[in-house]
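Everything numeric here is computed off the predicted structure, so don't read it as measured data. In this chain, numbering begins with 1 at the start of the sequence shown. Computed from heavy atoms alone, side chains included, the values below leave out hydrogens, waters and symmetry copies.
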Amino acid sequence: MSRFTGHIFYFLSKFKYHIVIILGVLVVGVLDENSFTKLIKYAYQIQDLKAEIAKYETQYHQDTELLKEIKRNPNAMAKIARERYFMKADDEDIFVLSDDEQATDNKHDEPVE
């Protein structure tokens, strides 16, 4: 047993700086709560949140302009109701066109034998 421990101590004494450097890089790079991997993950999260903020800011500006238009023009509310909510006046018909492809059911297309 002493021969085995002697080899281990020899290995540790010979490569002690390499072992400490490797363990340090592992702790700082992967295992720590402030590691490089988490730093990169947080950077991607920040980038996504900034994109979302920009999207909501443009939506806010569009809605603000729409609100100003509603306050200036009383017919604008009817236009918005027709465009967004498919509302109609009493003397109008509305046709909603969809680009969605409808799934065909092959059972009804087959001839009955």
Side-chain angles (χ1 to χ4, degrees):
M1 186 70 176
S2 66
R3 192 172 203 192
F4 180 69
T5 56
H7 289 298
I8 290 175
F9 286 134
Y10 174 75
F11 179 79
L12 290 177
S13 66
K14 187 173 181 180
F15 296 108
K16 60 186 168 192
Y17 296 112
H18 295 96
I19 293 169
V20 169
I21 290 172
I22 289 172
L23 288 176
V25 167
L26 281 176
V27 168
V28 172
V30 180
L31 302 175
D32 191 31
E33 74 177 41
N34 297 323
S35 66
F36 292 121
T37 55
K38 288 191 180 183
L39 180 72
I40 292 169
K41 182 179 83 169
Y42 292 149
Y44 282 125
Q45 251 182 349
I46 289 171
Q47 184 179 8
D48 291 341
L49 290 173
K50 284 182 180 180
E52 193 173 344
I53 287 171
K55 179 184 82 167
Y56 285 127
E57 282 179 351
T58 57
Q59 182 180 352
Y60 169 74
H61 291 299
Q62 290 172 352
D63 290 343
T64 303
E65 291 297 321
L66 194 60
L67 186 59
K68 287 178 186 177
E69 180 66 26
I70 288 173
K71 288 180 181 178
R72 281 193 306 250
N73 187 2
N75 294 332
M77 191 177 301
K79 178 183 174 189
I80 294 168
R82 287 186 176 119
E83 288 176 356
R84 287 192 181 179
Y85 304 110
F86 304 115
M87 293 184 172
K88 65 180 188 91
D90 291 333
D91 59 345
E92 291 181 338
D93 290 330
I94 293 182
F95 298 98
V96 178
L97 303 176
S98 175
D99 292 339
D100 297 338
E101 293 182 18
Q102 299 293 327
T104 57
D105 191 8
N106 292 334
K107 293 178 184 177
H108 298 292
D109 295 338
E110 296 175 2
V112 178
E113 292 181 24

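Alongside I46, the hydrophobic cluster contains no other residue (criterion: ILVMFWY side chains under 4.5 Å). Grouped with L26 in one hydrophobic cluster are I22, the linkage being side-chain heavy-atom contacts under 4.5 Å among Ile, Leu, Val, Met, Phe, Trp and Tyr residues. Hydrophobic cluster membership for Y44: I40 (Ile, Leu, Val, Met, Phe, Trp, Tyr linked by side-chain heavy atoms under 4.5 Å, directly or transitively).
Rounded to the nearest 0.5 angstrom, N75 CG and E69 CD are separated by 10.0 Å. The NZ atom of K79 lies 10.5 Å from the CD1 atom of I70; values are rounded to the nearest 0.5 Å.
Checked against side chain to side chain contact (heavy atoms under 4.5 Å, CB included), K68 has the following partners two or more places apart in sequence or in another chain: T64, E65, R72. Not counting sequence neighbours, the partners of L67 by the side chain to side chain contact (heavy atoms under 4.5 Å, CB included) test are K71. Y42 pairs by the ring-ring contact (aromatic ring centres under 6.0 Å, His included) definition with nothing, not counting sequence neighbours. By the side chain to side chain contact (heavy atoms under 4.5 Å, CB included) test, L23 is found to be paired with I19, residues two or more places apart in sequence or in another chain being considered. Every residue two or more places apart in sequence or in another chain was checked for a salt bridge (Lys or Arg N to Asp or Glu O under 4.0 Å) with D48, and none qualifies. Scanning for side chain to side chain contact (heavy atoms under 4.5 Å, CB included) contacts around E52 gives L49, Y56, with sequence neighbours left out.
The same ILVMFWY cluster, assembled from side-chain heavy atoms under 4.5 Å apart, contains both F4 and F15. With hydrophobic clusters built from ILVMFWY side chains whose heavy atoms lie under 4.5 angstrom apart, V27 does not share a cluster with I21.
The closest side-chain heavy-atom distance from N34 to L39 is not below 4.5 Å.
Between S35 and G29, the closest heavy-atom pair is CB-O, 3.4 Å. Of all heavy-atom pairs between E33 and K38, the closest is O-CD, 3.4 Å.
Pairs of residues two or more places apart, or lying in two chains, never qualify as side chain to side chain donor-acceptor pair (under 3.5 Å) while including a residue from residues 10-26.
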